Structure formats: structure tokens, C-alpha cells
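Notes to accompany the following structure.
Counting starts at 1 for both ligands and their atoms, in listed order. Nothing fancy with the numbering, it's 1 onward along the sequence. Since this is a predicted model, take the numbers as computed values, not measurements.
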Amino acid sequence: MPIETGESGRFWLLSGARSSYAIGLTPDDGLLNLHWGPRISLADAAALADEPVPAPHAFEGATDGYEEYPAEGGLRFARPALSVRGRTGDTVVRGTEWKFVGQGETAGADELHLRFVDSLLSLEVTLHYRVRAKFDLIERWVTVACQETAAAPVELLRADAATWTLPLRDEWRLSELHGRFVGESQLERGTLMHGEHVYGSRHGHTSHNHLPWFALDDSSATEEQGQVWTGALAWSGNWRFAVQLLPMGRVQVTGGAGGDESGLIELAPGASYESPVFAALYSEGGFGGASRAWHAYQLAHVVPKAEQLRPVLYNSWEATHFDVSEASQRKLADRAADLGVELFVVDDGWFGSRRDDRSGLGDWTASVELFPDGLRPLAEYVHGLGMQFGIWVEPEMVNPDSDLYRAHPEWAQHYPGRRRSEWRNQLVLNLGLPEVREYLFGQLDTLLSSAPIDYVKWDFNRSFSEPGWPGEPYPERLGLEHVYGFYGLLDRLRAAHPEVAFESCSAGGGRIDLGVLARTDLVWVSDNTDPLDRLRIQHGLSQLHPARVASAWVTDSPNVITGRVTPLKFRFVSAMAGLLGLGGNLVEWSDVELDEARDWVAAYKKLRHVVQQGELYRLRPPGSGLTAVQFVRGDETVVLAWLAAQEFASAPGPLPLAALDPEARYRDLESGAEYSGALLRHRGLVTGLSGDYAAGVFHLKRVAG
Ligand code: GLA
């Protein structure tokens with residue numbers, strides 16, 4: 001039973017396989033977090049619920065740091081999750097004073113909905129919980145409704161999805177993933193100091209700057225041991241986390257949609273706001289255990305069709321850039337098919353007047369000059385080669401030099417009278433406008449019906465700068481409405497074209513989160529395809545997201561972003577730790593390179609089920625010396641190892657593996673060599689890697705009997 005209600009009807013225990021979460025009401029209907037951590041019983045939760053409300057300390061709020069969803073107002077000084085502005089008559093009213101009205105209807109035994117009402121503003125706040133017991137994970141979200149009977153609208157300045165409360169410890173350490181364009185998902189870990197550590201996005205999209213994720217531990221967790229509390233927000237617009245170490249030593253993380261308090265939405269009587277989901281889990285398996293729980297949760301409950309293996313992809317961007325022609329694409333497709341590629345994607349430059357980044361965005365029909373008969377002939381040619389066919393789009397954008405903008409300049413986000421700041425010569429469309437959404441659906445639906453298209457790479461190449469909405473009484477809501485519009489478009493297109501797969505891209509990894517992953521099959525991790533930089537980016541991304549969604553291409557050397565020269569093998573093994581793709585100019589590759597590439601593609605196909613669906617163990621993080629990851633699925637294990645630079649005179653020693661049965665024997669499926677599980681775990685696998693930019697792949701299988 002994942003959810004139990006205490007006898008008093010005023011406290012609740014939510015249980016995962018190895019964890020518990022308890023909350024309880026105070027006599028005056030405050031809701032306190034009682035426990036989040038290892039399993040406790042309902043009797044334990046009752047004892048916690050019976051404890052007196054913490055005594056106030058001079059100048060501090062008595063329940064600051066304990067409250068499950070701190071609303072603004074009263075003797076509270078911690079950062080509120082809920083901040084509203086309403087009216088009684090002509091008077092502005094701030095703050096929330098709620099009464100508990102009961103448990104709402106539950107959709108199943110794994111959901112809990114607690115309803116509170118602020119009668120002065122006729123505001124109803126419902127805290128929602130869904131327990132994913134197997135993963136020790138709780139999905140939390142909130143709905144705030146302005147009741148029909150309300151005398152006036154209520155403005156939500158802030159309505160976080162959840163506030164997470166940590167137990168008292170002497171010290172806390174925060175892990176986060178920060179980044180920038182071509183340098184996404186960098187893991188950073190440091191002691192949490194008093195005050196508020198605030199991060200998020202004011203870019204209008206998830207942004208390259210941070211993944212909406214946190215992990216907290218008491219500074220003693222390691223990769224495979226120790227307690228870790230970790231959360232992630234399912235939202236692709238502006239967002240904010242505030243990680244607080246409060247004066248009395250309590251730690252809370254509050255987070256949700258919206259980059260600041262400048263206003264989220266105004267609710268007219270009868271209207272409501274539903275926040276995105278803020279999921280969090282507790283693990284006793286260290287950072288690795290926490291990541292494996294995140295991965296398994298996403299494969300089970302978030303990513304569409306996660307049980308299907310992803311095909312090996314070719315993308316033409318780095319090969320042809322904007323210089324797209326049917327002939328050049330056919331040539332690349334020939335080469336790609338010969339290497340064993342299964343999905344061929346034409347990137348930017350195939351539509352409208354798009355010959356460079358100065359024009360064409362908004363006009364989603366094939367260029368008459370380049371594709372006089374549309375995309376069908378090329379798509380059929382690619383199918384004829386035995387590959388699926390994919391196409392790049394960037395629907396939320398418009399170049400001022402486009403037919404769309406000439407017809408509808410008012411569809412671009414802007415503030416009247418202010419400059420429209422262009423970035424990459426483009427503006428962002430206002431997806432809050434129903435006519436924009438209809439136009440985009442029409443264009444994309446027609447495109448997907450015009451040719452046998454199996455795959456769409458959906459890009460987003462600039463941030464918001466003037467998110468205005470002329471004529472709209474509450475333009476602040478554009479931040480939410482854009483994301484709803486984007487999600488709605490994807491959902492509608494998926495329903496109309498259920499066989500088409502979608503990739504989320506935003507100039508690399510500018511839109512990676514659990515919200516977009518609920519409606520896209522994979523993500524483009526970074527425009528940086530340098531195989532060494534990618535190891536760090538993949539290491540960061542893997543804290544939260546599984547290899548099954550992380551697209552990685554083998555591109556040319558020197559790398560177009562970093563100029564680094566690396567051997568083909570190193571590039572392949574780096575990309576094989578995710579969804580292998582190719583993105584180099586194959587027309588320029590030598591026969592020797594093509595032969596090697598063909599072998600690697602074949603090798604990946606033999607082990608991809610382990611990488612894409614297995615459990616990840618990060619054996620050695622990127623840094624000096626050996627870097628290695630291990631994937632385990634059933635009887636099979638795959639180890640990928642890299643040595644960027646040999647240091648001093650000796651090659652690295654054996655690499656101890658994880659999660660193998662010490663009693664069993666394992667065969668290397670390539671060499672046929674057999675090893676004892678005990679020795680692989682304790683002494684390690686001899687990788688034989690030496691020198692610079694060395695890499696190895698080991699596919700081991702438990703020997704039967
Ligand atoms: C973005 C993407 C690239 C490529 C270009 C095309 O930068 O991240 O992969 O698609 O746009 O303009």
C-alpha cells in the first residue's frame with residue numbers, strides 16, 4: 001500500500017520499496033513534512049505527527065523549513081512556494097491563510113490529493129502526490145483554483161510545483177548540472193552554505209545553463225554508497241529552484257515554473273493553474289543508485305516507446321550545413337546506408353528560402369528550387385536504401401525574411417514600441433496565440449503527410465528576449481502559454497502521426513527535461529560533438545537521464561567545434577555510450593575509415609540493447625587517467641573505457657567492474673576469453689588501454705551453467 005492515512009485523518013505515509021515520506025497537519029491546518037528517507041512504519045509516522053509543533057525562536061518562523069508547501073504570509077520568513085495577489089473590493093490582499101478541506105478523490109491507491117481553501121480570496125490549493133514505489137520516487141504537483149464564487153481574479157506571482165524538505169544533518173552537499181552552449185550538463189558538487197542557492201532559467205526554455213535537477217547528500221555519499229535525495233522538474237520553460245539552508249539548520253528546495261516573481265498567471269473566477277510535476281526520489285545507493293532509479297523511472301513512465309531500441313542515425317548538418325541539395329543528400333545517404341545506418345536525417349536548409357540562417361524560418365514547405373517535387377523523391381530514395389527518413393524543423397521561430405513574417409509580423413513575441421531583438425536573425429513566435437498554433441499544426445501536419453517521414457528533429461535556437469503579447473491583458477502568462485502551446489503541438493502531431501519519432505534539440509542541449517521527454521523519443525545533447533568533451537557532458541547528463549535518450553554522433557576530425565584531432569575509434573566508443581549516430585561528411589571519408597565505421601556500426605547493433613536498456617554504472621568519471629562506464633542488462637554487461645592521455649610511463653591498471661555475480665563466469669563475446677566474476681569485480685578487467693585517445697569496448701556475457 002504506497003499511501004496510508006493515519007487514524008486521525010490528519011497525517012499520511014507514502015511508501016516506496018525502500019523509502020518513506022510522511023506529512024501531517026498541525027492543529028491549525030499547517031502542513032508539515034515529518035519524514036523523507038528510509039522506511040518507517042505508520043506508527044512511526046503517528047509518533048512524528050504527535051510531536052508538538054516546533055517552538056518558535058526569536059525572529060524566526062516556527063515552522064520555517066518544515067512546511068510542505070510554504071505559502072506567503074504570517075510569521076514565515078523562508079522563501080514561499082506560493083505567492084498570490086488578490087482583492088477584496090478595492091483593497092489588494094496578499095498572503096494565503098488556508099483551511100484543510102479534505103482528501104480529494106484519488107485516481108488510484110498510489111495518489112493523494114490534499115485540498116485547502118483560503119476563504120477570503122476563494123482560492124483552492126490542492127497538493128498532489130503520486131508514488132512510484134518501485135523507484136522510491138514521488139511525483140508532486142499543485143493546482144491552484146480561483147473558485148467560481150470568487151469576487152475577483154487572483155494573480156499567482158509564484159506557485160511552485162513542490163517544496164522538498166530534507167532531514168536535519170550537520171552538513172549538506174548540493175550537486176547540480178550547469179552549462180552553456182557547447183558545454184552542457186557539467187556536474188558541480190559543493191557544500192551548501194547558509195542562505196539561498198537559486199538557479200533556473202529566464203530564457204523561456206529549459207536553457208543550456210542548468211538542467212532542472214538537484215541532488216543533496218550529507219557530504220558522505222559516494223558513487224555507489226550513501227543516502228541521496230534528488231529531484232527534477234518536468235518543465236520546458238522558465239523555471240527556478242531555490243535550495244535553502246535556513247538559519248535554524250533546516251534545508252528545503254522549492255521549485256517550479258517561472259523564472260521569478262513577476263507574475264505567472266492571473267486566475268479569473270472558475271479558472272485554475274496546474275503546475276508541472278516536480279519529481280524526487282530517495283536512494284541509499286549513492287549517486288549511481290540515484291541515477292539508476294531516475295533512468296528506470298523515465299524508461300517506465302516518461303519516455304514514449306522506451307521499450308523500442310533506437311536506430312543508428314545519420315544527420316547531415318556537419319557535412320553540408322546549409323548547402324543542401326537533393327544530389328548531396330543522396331550521396332550521403334548512399335554512404336550512410338552502406339555503413340549500416342538505419343535512419344537518415346536531413347538537417348536545416350531544405351525548406352523555403354533557407355540557404356543560410358538569415359531567411360526562411362516559418363515557411364515549412366520544401367524549397368522548390370532544391371526539391372522541385374517535394375521531399376517525397378528523396379524520402380523514397382532513402383527508404384529504398386533500407387533506412388528511415390527524418391527531417392529538421394524549428395517551428396517556434398520565424399526569420400523576418402520569410403513569407404510567414406511578411407504576412408504576420410504580429411505573430412512574433414514583442415513589446416509594442418520596443419525593438420525586436422534578433423538572435424541568429426530570428427524571432428520567437430507567440431505560441432499563446434491559437435492562430436499561430438493552428439498555422440504550425442497545419443504546416444507540420446501537411447509536411448508529415450507530404451512524404452514518408454519517420455522522424456522529426458525539433459529545434460529551438462534562441463531564447464526569449466521581449467516576451468510581450470500586445471492586446472493581452474495579462475501578457476506575463478506567455479511564459480506558461482508558450483510551453484503549453486509547444487507541448488500541445490507535439491501531442492497533436494504525435495496523435496496524428498503515431499509512427500513518427502521526435503527529437504528535442506535546442507542549439508544542442510537547451511531543452512532537456514522530464515517535460516519534453518514525455519513527448520520526444522530522444523534529445524540532442526550538445527552541438528559539441530568532440531568525443532572527449534562529450535564524455536564530460538554525458539557524465540553530467542547521466543546523473544538524471546538514461547543513455548536511451550542521449551543522441552551522440554561520430555563526426556569529422558578535427559572537430560568542428562573544438563578543433564581537436566582524435567582517432568575514429570575514440571569517437572565511436574564515446575558515441576556508443578549513448579544513441580550512436582553519425583554526423584561526419586562521409587563523402588570525404590577514406591575507404592579505410594568507411595570500413596572501420598562499418599565495423600563499429602555493426603558492433604554497436606550487437607550491444608545497443610545493453611546500453612539503451614541496461615543499468616548504468618559510472619565506473620570512473622572523466623578526468624585524468626581512465627574513464628569508464630558499464631551497462632548491465634540481465635546476463636550481459638558492456639564496458640566502455642577511454643584513456644584520453646596516458647600519464648607518466650605506465651598504462652592504467654585493471655578496472656574493477658560492478659554488479660557482476662562473483663560466483664559466475666563471464667565470456668568476452670569478442671575475444672572469447674573467460675573471466676571469473678569475482679576477479680572482474682575485485683581485481684578488475686584488464687583493458688589494455690595505453691597511449692593517447694585510446695578506447696575499448698568489452699561485451700561480456702555470463703556463461704551458462
Ligand atoms: C542547431 C542544432 C544543430 C543544427 C542547427 C541547424 O544549432 O543544435 O544540430 O540542427 O541548429 O541550424
Side-chain angles (χ1 to χ4, degrees), residues 179-185 203-209 236 313-325 328-329 332 343-364 366-367 370 389-399 401-402 422-428 444 447 453 455-463 501-513 516 520-531 533-534 537-538 541 549-556 559-562 575 578-585:
R180 60 196 162 90
F181 173 64
V182 303
E184 296 88 338
S185 304
H203 285 70
H205 55 116
T206 324
S207 112
H208 301 82
N209 294 156
S236 311
L313 159 161
Y314 178 82
N315 179 295
S316 63
W317 173 243
E318 288 197 21
T320 55
H321 284 106
F322 290 103
D323 197 8
V324 173
S325 74
S328 69
Q329 298 299 313
L332 286 167
L343 161 63
F344 182 85
V345 183
V346 178
D347 209 278
D348 201 351
W350 59 269
F351 54 94
S353 59
R354 187 81 167 170
R355 293 304 89 77
D356 53 39
D357 66 12
R358 287 191 291 272
S359 74
L361 287 177
D363 306 333
W364 298 107
S367 152
L370 302 178
F389 179 73
I391 199 79
W392 178 97
V393 294
E394 197 183 356
E396 297 148 273
M397 300 292 165
V398 65
N399 285 121
D401 183 2
S402 65
E422 290 178 25
W423 170 254
R424 212 189 188 211
N425 310 301
Q426 65 197 58
L427 299 167
V428 191
L444 297 168
L447 172 67
I453 295 173
Y455 183 90
V456 172
K457 174 178 174 184
W458 186 301
D459 213 334
F460 184 94
N461 276 319
R462 64 155 292 172
S463 302
F502 288 82
E503 168 183 356
S504 170
C505 172
S506 172
R511 190 153 64 185
I512 303 178
D513 57 79
V516 83
T520 50
D521 302 70
L522 65 154
V523 295
W524 181 227
V525 171
S526 176
D527 271 2
N528 185 345
T529 56
D530 177 302
D533 283 357
R534 268 298 178 106
I537 295 172
Q538 287 165 188
L541 190 79
V549 303
S551 182
W553 310 339
V554 174
T555 55
D556 295 339
N559 184 271
V560 69
I561 297 284
T562 63
L579 300 176
L580 175 68
L582 281 84
N585 190 356

Protein residue, atom and distance nearest to [atom], heavy-atom basis:
atom                    : answer
atom 3 (C) of ligand 1  : Asp527 OD1, 3.4 Å
atom 4 (C) of ligand 1  : Asp347 OD1, 3.4 Å
atom 11 (O) of ligand 1 : Asp459 OD2, 3.0 Å

| query | Of Leu522, Val523, Leu580, which is the lone residue that meets side-chain contact (heavy atoms from CB on, under 4.5 Å) with Ser551? | reply |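 Only match with Ser551 under side-chain contact (heavy atoms from CB on, under 4.5 Å): Leu522.
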| query | Among Thr206, Leu541, Thr520, Val549, which one satisfies side-chain contact (heavy atoms from CB on, under 4.5 Å) with Ile512? | reply |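 Of Thr206, Leu541, Thr520, Val549, side-chain contact (heavy atoms from CB on, under 4.5 Å) with Ile512 is met by Leu541 alone.
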Counting each atom of ligand 1 from 1 as listed, which ones have a heavy atom of [X] under 4.0 Å away?
X      : value
Asp348 : 6 (C), 12 (O)
Ala507 : 1 (C), 7 (O), 8 (O)
Asn461 : 1 (C), 7 (O), 11 (O)
Cys505 : 2 (C), 8 (O)

| Trp553 side chain reached by Val525 side chain, heavy atoms, under 4.5 Å |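 Heavy-atom side-chain distance check fails, nothing below 4.5 Å.
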Checking the N or O distance criterion of under 3.5 Å, is ligand 1 in contact with [X]?
X      : answer
Gly508 : yes
Ser506 : no
Trp317 : no

| Is there a heavy atom of Lys457 sitting under 4.0 angstrom from any atom of ligand 1? | yes
| Does Arg424 have a non-hydrogen atom less than 4.0 Å from ligand 1? | yes
| message | I'd like to know if the side chain of Asn399 reaches the main chain of Leu361, judged simply by a donor and an acceptor atom lying under 3.5 Å from each other, with no hydrogens or angles considered. | response | yes
| query | Any donor and acceptor pair, going by atom type alone, linking the side chain of Ser359 with main-chain N or O of Ser353 inside 3.5 Å? | reply | yes
| query | Taking the six-membered ring where the residue is Trp, are the ring centres of Phe322 and Trp317 under 6.0 Å apart? | reply | yes
| task | Please state whether the rings of Trp350 and Trp364 are parallel, tilted or perpendicular, taking 30° and 60° as the class boundaries. | result | tilted
| Taking the six-membered ring for Trp, are Phe460 and His205 parallel (under 30°), tilted (30 to 60°) or perpendicular (over 60°)? |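 Rings of Phe460 and His205: tilted, 30 to 60°.
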